[in-house]
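A quick write-up on the structure given underneath.
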Amino acid sequence: ASASASASASARAMRQGGGDHVDNDHYGTGGLEEGFVRDMCACYEHAACAHPPGHPLRADAAVLLVRFRALVNEFRADHVALARNFADRASSNDVARVVRRRQRHDLRASLVCSGGTLLAVPATLLDHWEHQLRTHVDASHVSRRRPLFWFRNGAGTQRSRPVKRPVWEDTVYCAQDVDRLTAGEGASHFPFVLLDSGRGPLPPADVLAAFCIVLTSTQRFTTEWKYGSRAGKSTDYGEDGDRADGPPSPLLGVHWLRLVVDEGHSMGRGAHSNVVQFAGWVEAQRRWIVTGTPAPQTASDGGLSNVFQLVDFLGRNNGERPCPRENRDRVAQIAALKRSWREGAYGAFFEVRNLIDPLTTRYGKRCLRNLSRPTYRQQHIEMSDQEKLAYNTMASTVKINITTCSMDGRTSGWQDSLLNPLQSSHAMRAMRNVRLMCNGSCRLVPTLSDRFFEDTVRYLTYWGVRQTPIDVVKNFLRAAREGRTSACMKCTHSYQVLMILPCAHLLCTECIDSVTYTCSICQAVFDVDKFQVLQPGFKLRWDLILNEVRLPHPNAPALPEATIGGARHNAAAPHDAVAVAALIPWKRGEPHKCVYPRTWTTGKCLLCKKEHFFCCFDDDEGGTCPVCHRPSEPCPEEETKSTYLIGELLRLQRDHRRRRTDLRTHPLDRAHLGLPVPPHDAPAGEDAAHAARRPPKAIVFSQFRAVLN
C-alpha cells in the first residue's frame with residue numbers, strides 16, 4: 001500500500017512540475033525529468049530485489065514499475081503536444097521577432113544599396129510622367145553634369161528611336177551609349193532617369209541602382225511577380241502553376257531609398273493582388289502612395305478596410321505578413337471601427353483620422369495660391385433647324401417602334417420592342433443616339449431599300465386603296481430617302497419620318513398612340529396587323545454637317561521657298577513634293593521631322609505619309625495651319641454648340657494677344673521676350689506680367705466626343 005501511494009505521489013509530482021514532492025535544486029536545471037525517473041525506477045527495482053520470489057511486495061513493486069513507466073510516457077506525450085502549440089504561437093513573441101529581423105538584415109546585406117527612387121505608375125501615364133520629369137525637375141541639384149535619360153524599348157542594344165516617340169534631348173536608347181556618356185572622369189552626363197517601357201528584360205540590379213529615378217509601370221510588377229521574391233516567400237501566395245523559372249526580378253535586388261506608387265489606391269485591394277505582392281517585396285527605406293481617392297467613394301463602411309490595407313502596405317517590409325495574433329487584433333479593430341461607424345459614433349471618425357493624419361501629406365486647391373476663385377456662367381444655346389430636324393427624326397423613329405410593338409393584334413410585336421429586356425442593347429443604343437442629337441453637329445438621312453419600298457406600295461394596292469393616296473405615300477417615301485420632310489395630315493408639322501395607316505393617310509407619332517385603332521382623318525377603323533406590316537422600316541444614316549474639304553484653298557497665300565537638306569526648293573506644285581522627298585535621306589522607321597507640301601493637298605507627310613491632325617488656326621477669318629498648310633473653314637451655323645465653342649476659343653486667344661501687347665512695355669515682359677530693359681525700370685507687377693506670358697488653356701469636357709468635328 002505504501003509503495004502504491006508513493007508511485008501515485010511521484011506521478012502527481014511530475015504532472016505538477018515539481019512542488020513539495022520533488023526538490024528541483026537536487027537534480028539541477030534541465031535534469032529534473034531524467035534524474036527523477038531514474039531514481040524512481042531504482043526504488044521499485046530495489047524493492048523487488050529485496051524480497052524473495054513469491055513475496056507480495058515483490059509482485060507489487062513490479063506492477064508499480066510498469067505503471068510508473070506508463071505514466072512517464074503519458075507525461076512526455078502531453079509535453080510534446082504543449083511544445084507544438086507553443087511553437088505555433090512563437091511567431092508573436094520576441095524570439096520570433098528577432099529571428100525575422102535577422103533574416104531581413106541578411107537579405108538587405110545581399111542587396112545593392114541605392115539612393116534612387118523607384119516610381120511605379122500605370123502604363124497609360126508613362127509618357128505623362130516623363131514629360132513632367134523633363135519639365136519640372138531641376139537636375140542641377142544632383143550633379144553639374146547634364147542629366148541622361150535612358151529609354152529602354154526591349155532589346156538593350158537597340159540604338160534607333162522607337163516609332164511614334166517624340167525627339168527628346170539627352171536621351172539614349174541602348175546600354176553602350178549609357179556607358180559611353182556616363183563612365184569615366186570626363187563623362188558629360190550622369191545617369192538621371194531610366195524609362196522602362198515594360199517590354200524586354202530589365203538591366204542588372206547594379207545598373208538600376210546607378211540611376212536617380214527608375215520609372216516603370218505597374219504592369220511590369222505583374223510581369224515580374226511570376227519569378228518570385230528574394231526572401232523565398234514566392235510560395236506564400238498563388239499556385240505553383242503561375243510561377244516561372246528564373247531568378248527574381250532585378251527590381252528586387254536593389255535596396256531603394258523610396259518607392260513611389262502613382263494611383264496608389266490600388267495597393268488597398270489586399271495581399272492577393274499580384275501588383276500588391278510584388279510592391280510589398282520591394283525593399284525601400286520609404287514608401288509613398290500618390291492618389292486622389294485613398295478609399296472608395298461609397299456610403300458604406302467598406303472603405304475602412306481599404307484604408308487599413310494601405311496603412312499595412314506602407315509599413316510592410318519585403319512582403320512580410322503580420323503574425324496571427326496581429327492579424328486577429330487588426331480584424332477586431334476594423335470590426336469595432338465598422339460597428340462604431342454604422343452607429344454614427346464620432347469616436348470612430350477621430351480614430352481613423354488620427355491613424356491617417358501622421359501618414360498623409362495633402363495638396364488641395366488651398367495650396368495653390370495663384371488660383372483665383374472660379375467664375376461660373378451658363379449659356380443656353382438655341383438649336384438650329386437642322387439640329388431640331390435630326391432630333392425629331394431620331395425621336396420619331398424610337399417612338400414608332402414603341403407604338404407599333406405595343407398595339408394588341410393577332411400577332412404580337414413585343415419581341416421587336418425596345419421596351420423588351422431582350423432588346424436592351426438596342427434600347428441603350430437608341431437612348432445614346434437621342435442624347436447625341438441633343439449635342440447637334442450632325443444630320444440624319446432615312447434610308448429605305450427598293451424591296452421595302454415596293455412591299456409598302458404592293459400592300460396598299462392589294463388592300464384596295466385608290467391610286468391617288470398611293471401616289472402620296474410614294475412621294476413621302478421618295479422625300480424621306482432624299483432627306484426632305486413631309487407634313488403630317490393632322491397637325492401639319494413637317495417630319496422626315498411619318499407613320500402610314502392602311503387607309504394611306506400619313507400621321508406623325510404625336511397624332512397616334514398604341515390604344516387608338518381609328519384614323520383621325522377619315523375615321524376608319526384599321527387592322528393592327530396590317531398597320532404593323534405596312535410600316536416601311538427606315539434605317540438612319542448619320543452624316544456630319546461639316547464636310548472636310550480635300551481641295552486646295554483658293555485663297556491660300558503664296559509661301560516662300562523652303563530650305564531642305566541644304567538646298568532651296570520650291571514646293572508650290574504637288575508634283576514637286578515627290579522631288580523634295582527624294583532629296584531627303586530617310587529610311588522607314590528612323591526618327592525624322594515630318595515634311596509637308598507648301599500647298600495643302602491631303603495634309604500627309606512626304607516621308608512617312610501620316611496625316612497631320614493637330615492644326616492650329618489662329619485666325620477666325622480664314623488662315624492656314626503653319627505646319628501642313630491646311631486651310632481653315634468657318635464652322636457652319638447649323639452646328640450651334642461647335643460654333644459657340646470655337647468663338648469662345650478665338651475670343652480667349654484674342655484677349656491673350658491684347659494683354660501681351662498691353663504689357664509689352666513691362667520690364668519683366670521685355671526681359672522675357674529678349675528686349676533691352678531700361679536700368680531705371682523696377683520689376684513691379686510680376687503677377688500681371690506672368691499672367692500675360694502664360695498661354696491660355698481651354699479644357700473641353702464633353703460626353704459626346706463622337707460629334708466634335
Give the intermediate values and the outcome of side-chain contact (heavy atoms from CB on, under 4.5 Å) for residues Val178 and Phe211. CA-CA 11 Å; Val178 176; Phe211 283 84; 4.3 Å; yes
Would Val121 and Thr218 satisfy side-chain contact (heavy atoms from CB on, under 4.5 Å), going step by step from the backbone distance to the final call? CA-CA 6 Å; Val121 304; Thr218 52; over 6 Å; no
Mind running side-chain contact (heavy atoms from CB on, under 4.5 Å) on Glu130 and Leu133 for me, showing each step along the way? CA-CA 5 Å; Glu130 178 187 359; Leu133 290 174; 5.7 Å; no
Might you work through the side-chain contact (heavy atoms from CB on, under 4.5 Å) test for Ile213 and Leu194, ending with a clear yes or no? CA-CA 6 Å; Ile213 299 174; Leu194 190 150; over 6 Å; no
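When all heavy atoms of Gly603 and Tyr596 are compared, the closest pair comes out as O-CE2, 3.6 Å. The two atoms that bring Arg287 and Leu314 nearest to each other are CD-O, 3.5 Å, heavy atoms only. Gly268 and Leu310 make their closest contact through N-CD2, 3.3 Å (heavy atoms, listed as atom of the first residue, atom of the second, distance). The two residues Leu208 and Pro203 make their nearest non-hydrogen contact at CD2-CG, 3.7 Å. The two residues Trp150 and Val207 make their nearest non-hydrogen contact at CZ3-CG1, 3.8 Å. Residues Thr171 and Arg134 come closest through the heavy atom pair OG1-NH2, 2.8 Å.
The side chain to side chain donor-acceptor pair (under 3.5 Å) test applied to His612 returns no partner, not counting sequence neighbours. For Ser110, the side-chain contact (heavy atoms from CB on, under 4.5 Å) partners are Leu107, Arg230, not counting sequence neighbours. Qualifying side-chain contact (heavy atoms from CB on, under 4.5 Å) partners for Thr124, counting only residues two or more places apart in sequence or in other chains: Pro122. Qualifying ring pair (Phe, Tyr, Trp, His ring centres under 6.0 Å) partners for His189, counting only residues two or more places apart in sequence or in other chains: none. Remark: Gln219 pairs with no residue by the side chain to side chain donor-acceptor pair (under 3.5 Å) rule, at least two apart or across chains. Residues satisfying the side-chain contact (heavy atoms from CB on, under 4.5 Å) criterion with Thr222, sequence neighbours excluded, are Asn274, Val275. Residues that satisfy the salt bridge (charged side-chain N to carboxylate O under 4.0 Å, His left out) test with Asp357, not counting sequence neighbours, are Arg353. Here Phe192 pairs with Phe149, Phe190 under the ring pair (Phe, Tyr, Trp, His ring centres under 6.0 Å) rule; sequence neighbours left out. The salt bridge (charged side-chain N to carboxylate O under 4.0 Å, His left out) test applied to Asp196 returns Arg220, not counting sequence neighbours. Scanning for side-chain contact (heavy atoms from CB on, under 4.5 Å) contacts around Asp138 gives Ser140, His141, with sequence neighbours left out.
Rounding to the nearest 0.5 Å gives a distance of 9.0 Å between CG of Leu215 and CG of Leu118.
The side-chain heavy atoms of Trp129 and Leu195, taken from C-beta on, include no pair separated by under 4.5 Å. In this structure, Val290 and Val261 have side chains that are not in contact, with every pair of non-hydrogen atoms separated by 4.5 Å or more. Side-chain contact check for Met267 versus Gln309: every heavy-atom pair is 4.5 Å or farther apart.
A donor-acceptor distance shorter than 3.5 angstrom exists from the side chain of Ser114 to the backbone of Ala209, with no hydrogens or angles considered. With Arg152 contributing its side chain and Pro201 its backbone, the two residues share a donor-acceptor pair below 3.5 Å.
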Using a 3.5 Å cut-off and no angle test, enumerate the donor-acceptor pairs between side-chain atoms of residues 249-259 and protein atoms at least two apart in sequence or in another chain.
{"residue": "Ser249", "atom": "OG", "partner": "Glu224", "partner atom": "OE1", "Å": "3.3"}
{"residue": "Ser249", "atom": "OG", "partner": "Leu251", "partner atom": "N", "Å": "3.2"}
{"residue": "Trp256", "atom": "NE1", "partner": "Leu251", "partner atom": "O", "Å": "3.1"}
{"residue": "Arg258", "atom": "NH1", "partner": "Thr117", "partner atom": "OG1", "Å": "2.8"}

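With hydrogens and angles left out, the side-chain atoms of Arg180 and Ser188 include no donor and acceptor closer than 3.5 Å.
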